[in-house]
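One structure below.
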Amino acid sequence: MSTDLLRKLGLDTHERVVLEPVGDETPERGIVLSENPATGRPIAGVRLDTADTYEKTMAHAAAGFDRWRRVPAPVRGQVVRAIGDELRKNLEPLGELVALEVGKIRAEGIGEVQETIDIADFAVGLSRQLYGLTMPSERPEHRMYEQWLPLGPIGIITAFNFPNAVWGWNAMLGAVCGDVSVWKPSLLAPLTALATNQIAQRVASAMGHEDVFKLVIGTDPEVGEAMIHDRRLPLISATGSCRMGRVVGSVVAKRLGRCLLELGGNNAIIVEPDANLELAFEGIFFGAVGTAGQRCTTTRRLIVHESVVDKLTDRLVRAYKQVTIGDPLDKKTLVGPLINERAVEQFLRAVGKAREQGGEILVGGGRATGDGLGGHFVQPTIVRVPASGSLPIAHEETFAPILYVFTYKTLDQAIAMQNDVDQGLSSAIFTTSVRAAERFLSPAGVGSDCGLAYVNLGTSGAEIGGAFGGEKDTGGGRESGSDSWKQYMRRQTVTVNFGASMRLAQGIEFGATS
Ligand code: UN1
């Protein structure tokens, strides 16, 4: 299966891929093993970049940027359109590689590549819409407007859980904006990165544009550090943990670079007494169990009105008990493995803490074992928060399928609970009341404090057309749709005096009278 996939994507002959030997032996220095989390067995090795090869890549990126910036934006859009088409042709194998390498189920792997295709389409349209404003000048015979210019080579650092789409959000927008991308993927998903970048690079080169899509696969000390300190990268877009974001944010801020951070979430769904409970169930089930709880948008907390909490949790517990856990490439599977053993340990640690802190495990709580479950599988878990309402572990983002259930009496209380965490990525309410929904979305800003707010939908599964990201410890960045493109360009405010006299703004008189 895996050899076949690698062949379909041209990775079997890729100079950086080491197919044999891949066993349990320690890899030779300079090679990272990509493992299948469903079996714990290596798929292939990938040669790592060093400080030296990083420098070479950056030199190419700088030269590539100098050429690419001069290509008219709509022509750049045509290159992105061709990349989107090539991704369409590779949708299934690439989606399956995502599933194989990071363990999300096949439908979600393919959905992820679809997300990249969608953002490519969005970027093509955008390539003719990089609009600046024109503003009236206060001075006669003056014109004022703004133009948006290419920014430079941009650094993209991605996490394992969206090894294709998060690159797409950044690289596709960056490309139409005239930027060259330098992508450092997670070392847990190097094969997806190689296959993805190779498609973009191949299409762009065939159209006469070399060095627009660069890839560096390396360790944080050797390559990550170099990138974040590198003044040749005016923008670093980084996705990952809050801990990682703090490091990246402070280093980039010190050199006065621009950062786009998309960090952790601790997303909640509020369920009002008037909610359609079946709809709520579906939203919660996908939000909490989908991707085995490894999305930054995963539903981690449920805040349910006391009058419906028993009914809803019973429904969820029944579904959790029947969930099919197993090989992500098997069509029947709903829940694949966690990414590695460390993630399983963190899951077990969080469950242990929840117990110690008075939480009641309603379902799950342990490793998932049995036939075909030799990899890093855990049981989707629901924890009922004690009557005191206090469960400190629920304030942490554990990247695993654990759902903490809180109860409330009033909506104000529920909104306060939902906002009472450090992160501010995604939030949702299920209700049939306009009043409750609008209270949650309050235009005064006293509702949800998150970057994403949903009504009668779960917390995960955003469309690419909106700006994606969140507040507080989530880092404040916005990627993907809406006007996120502006971060990949520099704004220039232009003022032209087409008259013959010098007039100063604010009516200032300055200088000799004759
Ligand atoms: C992530 O987990 O880093 O909204 C991104 C969603 C996806 C993106 C998740 N479109 O769940």
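None of the values given here were measured: they were computed from a predicted structure. Atoms within each ligand, like the ligands themselves, are counted from 1 in listed order.
Atom CZ of Arg243 has 12 or fewer heavy atoms from other residues, nucleotides or ligands within 6.0 Å.
A centroid separation of less than 6.0 Å is found between the aromatic rings of Trp169 and Phe468.
Every protein residue with a heavy atom nearer than 4.0 Å to ligand 1 is included here: Glu115, Asn161, Phe162, Trp169, Glu262, Arg295, Cys296, Thr297, Ser460, Gly461, Ala462, Phe468.
Closest approach of Tyr454 and Thr459 over heavy atoms only: CE1-O, 3.5 Å. Closest non-hydrogen pair, Glu272 versus His305, comes out as C-CB, 4.3 Å.
No hydrogens or angles considered: nothing links the side chains of Gln346 and Arg349 as a donor-acceptor pair under 3.5 Å.
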Exercise for review: Please report the C-alpha distance between Thr431 and Asp274 in whole Å, then the side-chain angles of each, then the deciding distance to 0.1 Å, and finally whether the side chain to side chain donor-acceptor pair (under 3.5 Å) criterion is met.
Suggested key: CA-CA 6 Å; Thr431 181; Asp274 56 43; 2.8 Å; yes
